[in-house]
Amino acid sequence: MNEEQQPETRAIRGQLAATQYREHSAPLFLTSSFTFSSAESMAETFAGNGEGIIYSRYNNPNVDELIAKACALEGMEAGFATASGMGAVFASLAALVEQGDHIVATRAVFGSTHQILTQILPKWGVTFTYVEPDQPDSWPAAVRPESKLFVTETPSNPGLQLVDLERAGEFCRAHNLTFIVDNCFATPYLQRPGDYGADLVTHSATKWMDGQGRVLGGLLLGRADIMEQVTFFCRHTGPAMSPFNAWVISKSLETLHVRMAAHCQSALTLARWLGEQRGIARVHYPHLESHPQYDLAKRQMTAGGGIVTFELTGGEAAARRLLNSVQLCTRSSNLGDTRTILTHPATTTHSKLSREERSAVGISDGLVRMSVGLEAVTDLQQDLLRGL
Ligand SMILES: *Cc1c(COP(=O)(O)O)cnc(C)c1O
């Protein structure tokens, strides 16, 4: 990797060295293990000194290429790629805590992250406290002597609440907490938490990084010393990403910057347009002037992202009507695709929460989440009008 090049150049040119065939596009190394020229070289590699690769649960050329590109984009030192985003989130927590530890987390974390905090880690004696994402002054009250990690996500899914990363960095340094950010919604194209002192960034590469709804993947990217601990955990517990998925996502990173620019532009156009339509009570989008954290969003994110949410005045019935009327937009729970996707969080992704829990993270009965794809905006507008 040429450290002097811009991140988008490195995401294109930071590919594996060509084999003897001088191929232009990196080939797929679909192999579980690798061979050694001698017993000595094999022993050296196992001792951690050799140049060889041992086994694809540890390393694989395609996976290594993806990690190198993602580190360049996030400005991080080291990484590990996992089979899914949740594999990365779980490893980021499980690798860094021990019995008796405590985690401070911002309330609006991803649904499965909430399940890990509430159902899985407590079995091992690890507890947590939620703090309000938009009230950093209240965070220190949640810190205990045994607090180890600060876990956050910005913008949140689907509430689009923001966490001030600069304040979060100061908070973590003041209280000696490891600072972990799920940067899935923003991608490194919009914000780099490492610039604010984040020690570890996780991604669901399933979303904008693949960007075409094909494969699952996750990434852990961070400071070298933290990643040493996390990599040890991952190598011996087995959440490794398949070489095929790494190959797909690595190719996708070559176009992340152009795709994200287009997603964000269409999302802003649609957010403004939705605000003018009848039957819509509120539109939420970080770069819309009406967003309660608009100033922070402008300061922290280079663009508003590809997710727009809106609340229909007709509540759940109106949301159902909209989802049943569209012919171009798809009803699906994924996000970060070339195809525009509509979801009704209250009856799907967040149906397990009580109505009070949902409203605490900004999910009303009439809320619709739209992951804006790359279709022509005029076609999307025409389609949405069928159901509004
Ligand atoms: C989807 C998602 C995840 C989980 O990723 P998977 O690849 O589905 O396991 C984690 N965090 C956020 C913010 C997500 O949107």
Side-chain angles (χ1 to χ4, degrees), residues 85 108 110-112 114 155-161 184-185 204 206-208 210-216 259 262-286 288 290-291 304-388:
F110 186 68
S112 291
H114 173 76
S156 68
N157 176 17
L160 298 179
Q161 277 179 304
C184 168
F185 262 41
S204 169
T206 313
K207 313 291 171 52
W208 305 105
D210 170 40
Q212 286 146 91
R214 300 167 297 187
V215 297
L216 293 178
R259 286 186 288 107
H263 283 293
C264 293
Q265 190 172 7
S266 295
L268 180 61
T269 305
L270 285 170
R272 291 206 172 114
W273 176 81
L274 284 164
E276 294 160 2
Q277 305 310 306
R278 250 182 296 162
I280 295 182
R282 250 185 305 271
V283 181
H284 305 275
Y285 186 67
L288 214 53
S290 58
H291 191 284
I307 305 289
V308 178
T309 67
F310 48 97
E311 293 175 55
L312 297 167
T313 48
E316 184 181 327
R320 210 178 282 262
R321 197 158 54 241
L322 172 65
L323 263 72
N324 283 331
S325 304
V326 290
Q327 294 169 14
L328 176 63
C329 297
T330 14
R331 293 171 290 272
S332 176
S333 63
N334 195 25
L335 62 94
D337 198 314
T338 49
R339 294 157 288 192
T340 297
I341 295 169
L342 297 183
T343 311
H344 182 237
T347 54
T348 59
T349 52
H350 293 72
S351 60
K352 303 280 188 309
L353 300 185
S354 67
R355 176 167 280 148
E356 291 70 40
E357 287 175 313
R358 279 200 295 272
S359 79
V361 289
I363 303 170
S364 65
D365 290 348
L367 186 81
V368 173
R369 185 188 76 187
M370 176 166 64
S371 169
V372 178
L374 298 177
E375 305 96 334
V377 170
T378 47
D379 288 332
L380 292 170
Q381 288 166 330
Q382 214 169 29
D383 192 45
L384 290 164
L385 281 176
R386 289 189 173 100
L388 285 176

Visitor: Please name the pair of heavy atoms, one in G305 and one in A267, separated by the smallest distance, quoted to 0.1 Å.
Guide: O-CB, 3.4 Å
Visitor: Side chains of L388 and L274: closer than 4.5 Å at any heavy-atom pair?
Guide: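 Counting from C-beta outward, L388 and L274 do come under 4.5 Å.
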Visitor: Between the main-chain N or O of A262 and the side-chain N or O of Q265, is there a donor-acceptor pair closer than 3.5 Å?
Guide: no
Visitor: Where is the tightest heavy-atom contact between Y285 and H291, given as atom of each residue plus distance?
Guide: O-CB, 3.4 Å
Visitor: Determine whether M370 and L384 make a side-chain contact, defined as any pair of heavy atoms from C-beta on separated by less than 4.5 Å.
Guide: yes
Visitor: Please find the pair of heavy atoms, one from V283 and one from A271, that lie closest to each other, and give the distance.
Guide: CG1-O, 3.7 Å
Visitor: Just how far is it from atom OG of S333 to atom CG of L342, taken to the nearest 0.5 Å?
Guide: 12.5 Å
Visitor: Is any side-chain heavy atom of C329 less than 4.5 Å from a side-chain heavy atom of L380?
Guide: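 C329 reaches L380 side chain to side chain.
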Visitor: Flag the pair Q381 / L270 as yes when at least one side-chain heavy-atom distance between them is below 4.5 Å, and no otherwise.
Guide: yes
Visitor: What is the distance from atom CZ of R331 to atom CG of L322, rounded to the nearest 0.5 Å?
Guide: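 With rounding to 0.5 Å, CZ (R331) is 10.0 Å from CG (L322).
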Visitor: Please check this pair: side chain of S359 against backbone of E356, looking for a donor-acceptor N/O pair closer than 3.5 Å.
Guide: yes
Visitor: Kindly indicate whether the side chain of E316, heavy atoms from C-beta on, has any atom under 4.5 Å from the side chain of H344.
Guide: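 Sidechains of H344 and E316: in contact.
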Visitor: Under the 3.5 angstrom rule, does the side chain of R358 hit a backbone N or O of H350 as a donor-acceptor pair?
Guide: yes
Visitor: Strictly below 4.0 Å, N to O, side chains only: are D337 and K207 in salt-bridge contact?
Guide: no
Visitor: Could you walk me through whether T206 and N334 pass the side chain to side chain contact (heavy atoms under 4.5 Å, CB included) check?
Guide: CA-CA 9 Å; T206 313; N334 195 25; 4.3 Å; yes
Visitor: What closest approach, in Å, do Q161 and A108 show between heavy atoms, and which atom pair accounts for it?
Guide: OE1-CB, 3.6 Å
Visitor: Would you say CZ of R386 has more than 12 non-hydrogen atoms from neighbouring residues, nucleotides or ligands within 6.0 angstrom?
Guide: yes
Visitor: Please walk me through it: do D365 and R355 pass side chain to side chain contact (heavy atoms under 4.5 Å, CB included)?
Guide: CA-CA 8 Å; D365 290 348; R355 176 167 280 148; 2.6 Å; yes
Visitor: When you measure from the side chain of N157 to the backbone of F110, do you find a donor-acceptor pair of N or O atoms at a distance under 3.5 Å?
Guide: no
Visitor: So, taking the atom named CG in L323 and the one named OG1 in T347, what distance separates them when rounded to the nearest 0.5 Å?
Guide: 8.0 Å
Visitor: So which atom in S364 and which in E311 form the shortest heavy-atom distance, rounded to 0.1 Å?
Guide: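 Looking at all heavy atoms of both residues, the shortest contact is OG-OE1, 3.1 Å.
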Visitor: Check I280 against T313 and note the closest heavy-atom contact, atom names and distance.
Guide: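 Smallest heavy-atom distance, with atoms named: C-CG2, 4.2 Å.
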Visitor: Between S371 (side chain only) and L335 (backbone N and O only), is there a donor and an acceptor less than 3.5 Å apart?
Guide: no
Visitor: Does a donor on one side chain sit under 3.5 Å from an acceptor on the other, for Q212 and T338?
Guide: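 The criterion, which ignores hydrogens and geometry beyond distance, is not satisfied for T338 and Q212.
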Visitor: Within the 4.5 Å heavy-atom criterion, are T343 and P158 side-chain neighbours or not?
Guide: no
Visitor: What distance separates R369 CZ from I341 CD1, expressed to the nearest 0.5 Å?
Guide: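 Atom-to-atom, R369:CZ and I341:CD1 are 8.0 Å apart.
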Visitor: Would you give the length of the straight line joining atom CH2 of W208 to atom CZ of F185, rounded to the nearest 0.5 angstrom?
Guide: 8.0 Å
Visitor: Donor-acceptor pair, distance only, cut-off 3.5 Å: does the side chain of T330 make one with the backbone of T340?
Guide: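 Yes, T330 side chain to T340 backbone: donor-acceptor pair under 3.5 Å.
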Visitor: Say you draw a straight line from CG of L160 to OG1 of T309; how long is it, rounded to the nearest 0.5 Å?
Guide: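 Reported value, rounded in 0.5 Å steps: 4.5 Å.
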